[in-house]
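Here the structure comes first, spelled out in structure tokens, and everything after it is commentary.
Just so it is clear: chains get the letters A, B, ... in the order the sequence lines come, proteins before strands, and each one is counted from 1. All values reported here derive from a predicted model rather than from experimental measurement. Just so you know, these numbers use all the heavy atoms, side chains as well, and skip hydrogens, waters and symmetry mates.
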2 protein chains.
Amino acid sequence: MNKRAGAPPTIIDVARQAGVSIKTVSRVMNKEPTVHADTRARVQEAVAALNYRPQLSARSLAGAKSFLIGLLYYDPSAAFVAGVQQGATLGCREAGRHLVVESLQENGADVQAQIESMLAALRPDGMILTPPLCDNPAILETLRAQRTPCVLISPAGEGHGMASVRMDDALAAEELTNLLISLGHKSIAFIEGNQAASQRRREGYERALKAHRLLPDPSRIVPGTFQFESGVEAARRLFALPEPPTAIFAANDFMALGALTEAQRRGIAVPGDVAIVGFDDSDAASLVWPPLTTVRQPLAEMAMAAVQMLLAGDARFDADAPAPVRVLPHEVIVRGSTAAPAKGRA
Amino acid sequence: MNKRAGAPPTIIDVARQAGVSIKTVSRVMNKEPTVHADTRARVQEAVAALNYRPQLSARSLAGAKSFLIGLLYYDPSAAFVAGVQQGATLGCREAGRHLVVESLQENGADVQAQIESMLAALRPDGMILTPPLCDNPAILETLRAQRTPCVLISPAGEGHGMASVRMDDALAAEELTNLLISLGHKSIAFIEGNQAASQRRREGYERALKAHRLLPDPSRIVPGTFQFESGVEAARRLFALPEPPTAIFAANDFMALGALTEAQRRGIAVPGDVAIVGFDDSDAASLVWPPLTTVRQPLAEMAMAAVQMLLAGDARFDADAPAPVRVLPHEVIVRGSTAAPAKGRA
DNA sequence: TTGAAAGCGTTACCAA
DNA sequence: TTGGTAACGCTTTCAA
């Protein structure tokens, strides 16, 4: 006897229809190998006929998995969330999981409480953390205490022993700097940011200079905050130097756009008088003139990899196994903001 | 007897600790009024002592709610997802719900299957749809068939009888146009987009012109695609007119940025020779020079309202009750890309 | 105002 | 290879 019609079919309905036990249906649904091919076919037929889909809450209550992956973030740029999320949702779909997103409210003390409460309620199979949360020791400790598998996206340091996915910021910066050098630039300034990524990018910048025996000039390395305005300010200082640089490498696009704006305000031609490169390939990078030469972070791919690592068990707390780190390839995008320096200025 | 230590406490542990039945604990957790104050206090004490948190899967299996809200999107701009999501996660947290995000893969035929499968597995308490999904009749029909409460964010038309949240695009466009008119502009061009919102914005633009007895000139209304390049192209056509406009209203920021770029490439000063306004307050709007005068959509607020409507039952399929529509206030943001027209050009 | 017991739909253990 | 049956942790119904 069917329950009231209209109610979604349950495993019992399928078992009855296929003439097997519910346990066998369960085995088929979970792709367990120990089922006879005929039986399996019969069950699958019944599943299709009834349009049966196992209910998540029942599965997770009875079993060990929740089929949920959590994505935790706090005040990142829109492009960053969107990119990561795109990859995470795709990865989850492929794996039959679902993505639960939580944007933490504040970086205050109750953040831990927020996380604990989420973990207790949802019991996610794994968590994905983005900067700056993935660099917050208190948060990582909370997660570790609950033994929730985690993968960090682009952590600042070594990820505190947790699995992580990143791109090679230093290498990308080195490539970008090499591009400028190969165009003929010898006087290349660097605008720093106030996040961990900036440090790594600067390393690559200096590595490239050294490889070409161009001595880094401290006066050409100016601070910034990853904000547009700080790029304007930094450029102002650079253009005021007795010998202004012929190229500017900003640690992110926003600051590069600030530098671009300041150059244009002063009638300094880009890329004619000064070449400018950024980092991140933000939306705005291709929405200005000249469009910005920059580096694309493989955000979606990184998030997808994170999901895969989570489900492959790479993020378990296996004690002495070193935490795995996956490094994904980036892409240098050459646009109109770079060119060879004007005659006599190289 | 406690289970193995380390396992999270259950309702049974709390009941034992408080000396009441599990049903009473359940009542307290669900804030049911029919509990004596003393009993309630005793239970809450036990809950705090054990750090008890009800498990979602058990709650949803036993009860009628899943405590999950779904957010469905397909290829929107990063800023749009990020904005909506910020509001949705906050709204969910306040309501003790969690946000499950699904980004559909394609706008193809299997989209319905994707949705059905999600609904069957998750049984979300409600769904939030963003454009263009919220304008897709097939998708809406699928949702309606499952009787899942839905709230549409900025649907194109009347929302097909479903609850929706929107801003008043036409009013905002009218205000923006009025701003230009009040600055002294009489020759204001409009760059259209290829989405429903563009239509509404154009209505407001024309309303403002008519109110000031400025006849809309068809040659000053040019098509676009909401993409940067189409803004460049549109501006090219406008600047080639015998009498170029003194102001350009682009139906979104990306096209406005294209127009800005084209103006600068031609040495046409902004806002001196031509004023430019956009729509959406995208990141890039404040990352260029001059920064763009535009309109901010209250995306986060709209999403938060959507969650509230969902939980208030505003989105139930109550047959003859008309679907509720909430309209949220926007914000006109005046920046550097607008000024009075140059003498003699008004 | 409180409680006992019967589910909810699935997985897991153990036996056949 | 299969099936019976006991969990899983909570809400709900019905009684007290």
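Straight-line distance from the CD atom of B/Glu32 to the P atom of D/dT13: 11 Å, rounded to whole Å. What separates NZ of A/Lys65 from P of C/dT11 is a distance of 8 Å, to the nearest Å. Note: OH (A/Tyr52) to P (C/dG9) measures 10 Å, nearest angstrom. Rounded to whole Å, atom C1' of C/dC8 lies 13 Å from atom CD1 of A/Ile11. Regarding B/Arg16, its CZ atom lies at a distance of 12 Å from the P atom of D/dG9, rounded to whole Å. Following rounding to the nearest Å, B/Leu61 (CG) and D/dT12 (P) show an atom-to-atom distance of 12 Å. Note: CD1 (A/Ile12) to P (C/dT11) measures 12 Å, nearest angstrom. Between A/Asn30 atom CG and D/dT2 atom C1' there is a gap of 16 Å when expressed in whole angstrom units.
Applying the salt bridge (charged side-chain N to carboxylate O under 4.0 Å, His left out) definition to pairs two or more places apart or across chains, those involving residues 300-309 of chain B are B/Arg296-B/Glu301. Identified under the side chain to side chain donor-acceptor pair (under 3.5 Å) test for residues 304-313 of chain B, with sequence neighbours left out: none. For the salt bridge (charged side-chain N to carboxylate O under 4.0 Å, His left out) condition, no pair includes a residue of residues 76-89 of chain B, sequence neighbours left out. Annotation: salt bridge (charged side-chain N to carboxylate O under 4.0 Å, His left out) contacts involving residues 131-142 of chain A, sequence neighbours excluded, comprise A/Glu141-A/Arg144. For residues 21-45 of chain A, every residue pair satisfying the salt bridge (charged side-chain N to carboxylate O under 4.0 Å, His left out) rule, not counting sequence neighbours, is listed here: A/Arg27-A/Glu32.
With sequence neighbours excluded, the residues that form a side-chain hydrogen bond (donor to acceptor under 3.5 Å, both in side chains) with B/Gln55 are A/Arg123, B/Ser57. By the side-chain hydrogen bond (donor to acceptor under 3.5 Å, both in side chains) test, A/Gln85 pairs with B/Tyr73, B/Gln85, sequence neighbours left out.
Here the nucleotide nearest the side chain of B/Gln55, chosen from D/dT11, C/dT11, D/dG9, is D/dG9.
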Could you pull out the protein-nucleic contacts involving nucleotides 1-4 of chain C (nitrogen or oxygen on both sides, under 3.5 Å)?
from  : atom 1 : to      : atom 2 : distance (Å)
C/dT2 : OP1    : B/Thr39 : OG1    : 2.3
C/dT2 : OP2    : B/His36 : N      : 2.9
C/dT2 : O4     : B/Arg27 : NH2    : 3.2
C/dG3 : OP2    : B/Ser21 : N      : 3.0
C/dG3 : OP2    : B/Ser21 : OG     : 3.2
C/dG3 : OP2    : B/Thr24 : OG1    : 2.7
C/dG3 : N7     : B/Arg27 : NH1    : 3.4
C/dG3 : O6     : B/Arg27 : NH2    : 2.8

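B/Val47 has its side chain within reach of B/Met29: a pair of non-hydrogen atoms, C-beta onward, lies under 4.5 Å apart. Proximity of B/His98 to B/Leu56: side-chain heavy atoms (C-beta onward) are separated by under 4.5 Å at one or more points.
If one axis is set at each end of the helix from C/dT1-D/dA16 to C/dA16-D/dT1 from five pairs, those axes are 30° apart, to 10°.
Between A/Phe67 and B/Ala58, the residue anchored nearer the 5' end of DNA chain C, judged by the nucleotide with its closest heavy atom, is B/Ala58.
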